[in-house]
Amino acid sequence: KKQNCTSPCLILILDTLKQNLLMRSERPEPGCPLREKLGPCVELCSSDSDCSVGEKCCSNGCGYECMSTTPLKPGICGHKVFTPWCYSFCNHDGDCPGEKKCCPTKCGHVCKNPIFLESV
């Protein structure tokens, strides 16, 4: 006779998932960015060597994935600005001073003050 395991097994799986989420949500690993939301529940990497340069294998709250070690600054860039030169003065927000963000231009990247949208 086939045994029905739906209810007890499901409870065990959900309890295990809940414990993993609680353990992983407390504090990110050193060098990993803070998470704002849960990522996919898959193991996309198992060590930093699986990731590109500038990335680290980090918990996303449910699984593991390669994440940039360069923090994003708050705010948005807004529209691409026109500059008379085609040059990237920055590659990511960490290259910019203070609260400035690295934003795309029509032909490169430049540091500029972020735009903050008010919550409605």
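Just the heavy atoms: all of them, side chains too, but no hydrogens, waters or symmetry mates, feed the values below. Numbering starts at 1 and runs along the sequence shown.
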* Distance (rounded to the nearest 0.5 Å) between Cys103 SG and Ile115 CD1 -> 8.0 Å
* Within residues 92-103 or reaching into it, pairs that qualify as salt bridge (Lys or Arg N to Asp or Glu O under 4.0 Å) - sequence neighbours excluded -> Asp93-Lys101
* Asked: What heavy-atom pair brings Cys102 and Cys77 nearest, and what distance separates the two atoms?
  -> O-SG, 3.8 Å
* Asked: What's the spacing between Asn60 CG and Leu38 CG if we round to 0.5 Å?
  -> 6.5 Å
* To do: Identify the heavy atoms of Pro40 and Glu65 that sit nearest to each other, and give their distance.
  => CD-OE2, 3.7 Å
* Asked: Can you list the residues that meet the ring-ring contact (aromatic ring centres under 6.0 Å, His included) rule with Phe82, with sequence neighbours excluded?
  -> none
* Can you name the closest pair of heavy atoms from Cys32 and Cys57 and give their distance? -> SG-O, 4.1 Å
* Structure fact -> Students should find that the hydrophobic cluster of Leu44, defined by side-chain heavy atoms under 4.5 Å apart, otherwise consists of Val42
* Asked: If we only count heavy atoms from C-beta on, is the Cys111 to Pro97 side-chain gap below 4.5 Å?
  -> yes
* Structure fact -> The reported gap from OG in Ser59 to OH in Tyr64 (rounded to nearest 0.5 angstrom) is 4.5 Å
* Asked: With sequence neighbours excluded, what pairs up with Asp48 under the salt bridge (Lys or Arg N to Asp or Glu O under 4.0 Å) test?
  -> Lys56
* Nearest-0.5 Å distance, SG of residue Cys96 to CZ of residue Phe89 -> 11.0 Å
* Asked: Shortest non-hydrogen contact from Cys45 to Cys58?
  -> SG-N, 4.4 Å
* To do: Provide the full list of salt bridge (Lys or Arg N to Asp or Glu O under 4.0 Å) pairs with a residue in residues 72-92, sequence neighbours left out, each pair given once.
  => none
* Is Thr105 reaching over with its side chain to a backbone N or O of Gly108, donor-acceptor style, under 3.5 angstrom? -> yes
* Asked: Would you call Pro74 and Phe116 a side-chain contact if the rule is heavy atoms closer than 4.5 Å?
  -> yes
* **Ser47: side-chain contact (heavy atoms from CB on, under 4.5 Å) partners, not counting sequence neighbours** => Ser49, Asp50
